[in-house]
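This report concerns only the one structure given below.
For ligands, and for the atoms within them, numbers begin at 1 and follow the listed sequence. Side chains are part of it too, since the values below use all heavy atoms of this structure and drop only hydrogens, waters and symmetry mates.
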Amino acid sequence: MPDTLTAALAPVEPPLAAPLGLLAELTHRCPLACPYCSNPLALEDRAGELSATEWARVLGEAGRLGVLQLHLSGGEPMSRRDIVEIVAAAHDAGLYSNLITSGIGLDTARLAHMVTAGLDHVQLSIQDTEADSADRIAGYRGAHARKMEVARLVLEAGLPLTVNAVVHRANIERVDALVALAAALGAGRIEVAHAQYYGWGLRNRDALMPTHAQAMRAVGLLEGLREKYAGRMVIDAVLPDYYARRPKPCMGGWGQRSLNVTPSGRVLPCHAAETIPGLHFWSVREHALADIWASSPAFRAFRGEDWMQEPCRSCARRHVDFGGCRCQAMALAGDAAATDPACELSPLHTMMQALAEQAGEAPPQYLYRGRAVADAMAQQ
Ligand code: SF4
Ligand code: FES
C-alpha cells in the first residue's frame, strides 16, 4: 500500500484538550501525620524541593497551557516560607489559586500577605467534630482548636472557604455533625471523601475501613443533608470504593483533566501514580509542562482506551468511568491495566468486598505517616 494511503487510513487521535487543574505539592513536610495521607510512603525531602523561582516558571507554563485552577497542596503548603511568592506567581499566571491546608502555620499576617498576593480560595481539612478524636487522627495535639480559629480568619479575610473531611471508621458515625460543623464555620462547600486506599491509606486500611453498614448509613445521610443544605452549602461526596458497584471516574480519566507536580518537580497523572511500577515520570526541571502533558510516557500510558482489557474494552460505561482507578487496579489486581475491582464486573470484585468486611472488624491502630511523636499518640 502506498505510504500516503496508509497515512490516510490510520486512525486519527482526537486533539488533546488542555488540563483544567494542576495540583502543586509544594512540599511533603507537614506537622500532621494523618494515617490516610495521600503523599507517597517515601516522602521527598526539603533539599530537593523546587524553588519559588522554579514554581513561578512552571505556573507561567501552566497558564499558557490552559490550566485554570491551581491547588496549592503538600504536605502542608504553609511549611514553605516562600508561599506568598508562589501565590503571587500563580496570580501573575492568571490561575485561580486554592490553598489546601491543615491550618497549622496559617496566621492573620501570613493570610493577609497571601490575600494581597492574589489568593482566591482556602480549603481547610477537618479530622473530626470532637477535638480529642480529631487530634488523635491528625497525630497532632491542639490541631482541631487551631483549625476552628483558622476558619474564622479565612472568612474575616473575605476568602471563600471549603471544608475537607476525610471519613473512615473513627469519624463516619458523625458525618452529619461534620457537615453541621462546616456550615457553622461558614463554609460554602464541604467535600466529604471516604479514605482512599493507596500509599499510607493502604497501609492503614484495616484501621480505617468502616463496616458496610456504617458506609451505607453515611451515604444515605449525605443524600438527605444535600437537600437540607441546598442553597446554603454545597456538599460533595466521594463514595466508598470498597462498597461500590461501579468505580469512580478517577481523575476524570487518566491524563485527561489534570496534572500533579511533586515537590521536586516530577509530573504525575494522579497523586498515587508512583505506586504503579514501570511508569516513567518526566520532570519540570528537564521538560516544558506542555511537552510533559502531551508526550510524557506516564501520561500516555493509560490515556484513551487502547490499554483497556475486558470487560472494560467492550463496556458501554468505558467513556463514563474510564475503567475506574489505575492505582486501585494496581493495588488490588497487581495490574494497573485491569478493571478496577470496585466494578462488579471485575472478577476481583467479591474479593475486594471481602477484604473490606474483614478490615472493618480489625482494631483501629494507626501507622502514622513518618513521625515518632504521632506513633506515641497512637498508643494512648
Ligand atoms: Fe467501568 Fe470497566 Fe466496569 Fe464497564 S467494566 S463499568 S468500563 S470499570
Ligand atoms: Fe491514580 Fe486513581 S489514584 S488513577
Minimum-distance pair of heavy atoms, taken over all atoms of V87 and L72: CG2-CD1, 3.8 Å
Heavy-atom nearest neighbour of atom 6 (S) of ligand 1 within options D321, V320, T339: D321
Atom 2 (Fe) of ligand 1 to nearest N/O/S of C343 below 2.8 Å: no
Element-labelled atoms of ligand 2 that are located less than 4.0 Å from some non-hydrogen atom of [X]:
X    : answer
R326 : 4 (S)
C250 : 2 (Fe), 3 (S), 4 (S)
C325 : 2 (Fe), 3 (S), 4 (S)
C270 : 1 (Fe), 3 (S), 4 (S)

Residue, atom name and distance, where the atom is the protein heavy atom closest to atom 4 (Fe) of ligand 1: C315 SG, 2.3 Å
Protein heavy-atom partner closest to atom 2 (Fe) of ligand 1 - residue, atom, separation in Å: C312 SG, 2.4 Å
Ion pair [X]/[Y], N-O distance below 4.0 Å:
X    : Y    : answer
E223 : K228 : no
R313 : E305 : no
R189 : D236 : yes
E85  : R80  : no
E149 : K147 : no

Region of M308 that comes within reach of ligand 1 [heavy atoms, distance under 4.0 Å]: neither
Residue part near ligand 1, for P247, under 4.0 Å between non-hydrogen atoms: side chain
Per-atom contacts, ligand 1 versus R318 - under 4.0 Å to a heavy atom: 7 (S)
Contact atoms of ligand 1, heavy-atom distance to R246 under 4.0 Å: 6 (S)
Distance-only donor-acceptor check, side chains S296 and H287, under 3.5 Å: no
Single hit among R203, M352, R205 for side-chain contact (heavy atoms from CB on, under 4.5 Å) with Y197: R205
Contact with ligand 1 for L345, non-hydrogen, under 4.0 angstrom: yes
Cation-pi check, R303 onto W293 ring (under 6.0 Å, within 45° of axis): yes
